[in-house]
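The structure under discussion appears below in the form of structure tokens.
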Amino acid sequence: MVMVMRVRGRGRSAVVGVVAIAVAVAVVAAIWVSGRDEDRARVVDGPAPPGWLRLAYGDVQVSVPDDWDRRSTGDCVSEAEHWGPPTQAGCGHRRGVHFVVDLDTFDPASEPGVVTRGLDAEDPSWHGYVRLGDVVVSVSDADRAVVRRVLRSVSIEGFQPI
């Protein structure tokens, strides 16, 4: 047996108000959660040579060595999305690729597309970056050829900066 309760007057208005608030909260939460996916790089199908992965960060795509994976940035000054070799731990000079969207704090040491050596003895890696729209793809590795190859692979559909 199913019981149906009828709500009248102010009670009906209160029920409708509660339902409307619940729906609004659910919509905002769904939009926030779906937007968070764009804040993370993901492996995608795409042109990548053997031994390499194709990553997408929003509309930006890049190929990286297939042993690179997502590295934790939760305790770092910069929480830019970072993929790098599994031997990388902690913050500071880290090999790999970073997707930087806070352009106010990005302070490059060179022009886009230029691969340079680290600035001090603590940083023996090679570095380079390119910017596509509102995303900077910054790459560091001990092997200059890897940095150049990653930078050359950065693209948005129909456009490659290098």
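Note that the structure is predicted; figures quoted are calculated from it, not measured.
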Legend entry - From CG (L53) to CH2 (W83), nearest 0.5 Å: 7.0 Å

Inset, instruction - For the residue pair H127 and R117, establish whether any side-chain heavy-atom pair is separated by less than 4.5 Å. - result: no

Legend entry - Where R42 and R70 come nearest, the two heavy atoms and their spacing: N-NH2, 4.4 Å

Legend entry - Heavy atoms from other residues, nucleotides or ligands near CZ of R148 exceed 12 (cutoff 6.0 Å): no

Inset, instruction - Under the side-chain contact (heavy atoms from CB on, under 4.5 Å) rule, collect the residues that match up with D143, sequence neighbours excluded. - result: D141, A145, V146

Legend entry - Min side-chain heavy-atom separation H98-E81 under 4.5 Å: no

Inset, instruction - Look at the side chain of R152 and the backbone N and O of V154, then say whether any donor-acceptor pair between them is shorter than 3.5 Å. - result: no

Legend entry - Beyond-backbone contact of W52 with V150, side-chain heavy atoms, under 4.5 angstrom: yes

Inset, instruction - Would you mind reporting whether V137 and F99 have side-chain heavy atoms less than 4.5 Å apart? - result: yes

Legend entry - A142 versus S125, closest heavy-atom pair with distance: N-OG, 4.1 Å

Legend entry - Residue among V135, V97, V62 satisfying side-chain contact (heavy atoms from CB on, under 4.5 Å) with Y57: V135

Inset, instruction - Determine, using the 4.5 Å side-chain heavy-atom cutoff (strictly less than), whether I156 and V43 are members of one ILVMFWY cluster. - result: yes

Legend entry - Set of salt bridge (Lys or Arg N to Asp or Glu O under 4.0 Å) partners for R144, sequence neighbours left out: none

Inset, instruction - Examine the side chains of R95 and S140 and answer whether a donor and an acceptor come within less than 3.5 Å of each other. - result: no

Legend entry - CZ-CG distance between R54 and D45, expressed to the nearest 0.5 angstrom: 11.5 Å

Inset, instruction - List for me each residue that meets side-chain contact (heavy atoms from CB on, under 4.5 Å) alongside D67, sequence neighbours excluded, and say none if there are none. - result: P65, P86

Inset, instruction - Quick one: pull up OG in S138 and CG in L151 and give me the separation to the nearest 0.5 Å. - result: 8.5 Å

Inset, instruction - To the nearest 0.5 angstrom, please state how far the CG atom of L55 sits from the CG atom of D69. - result: 10.5 Å

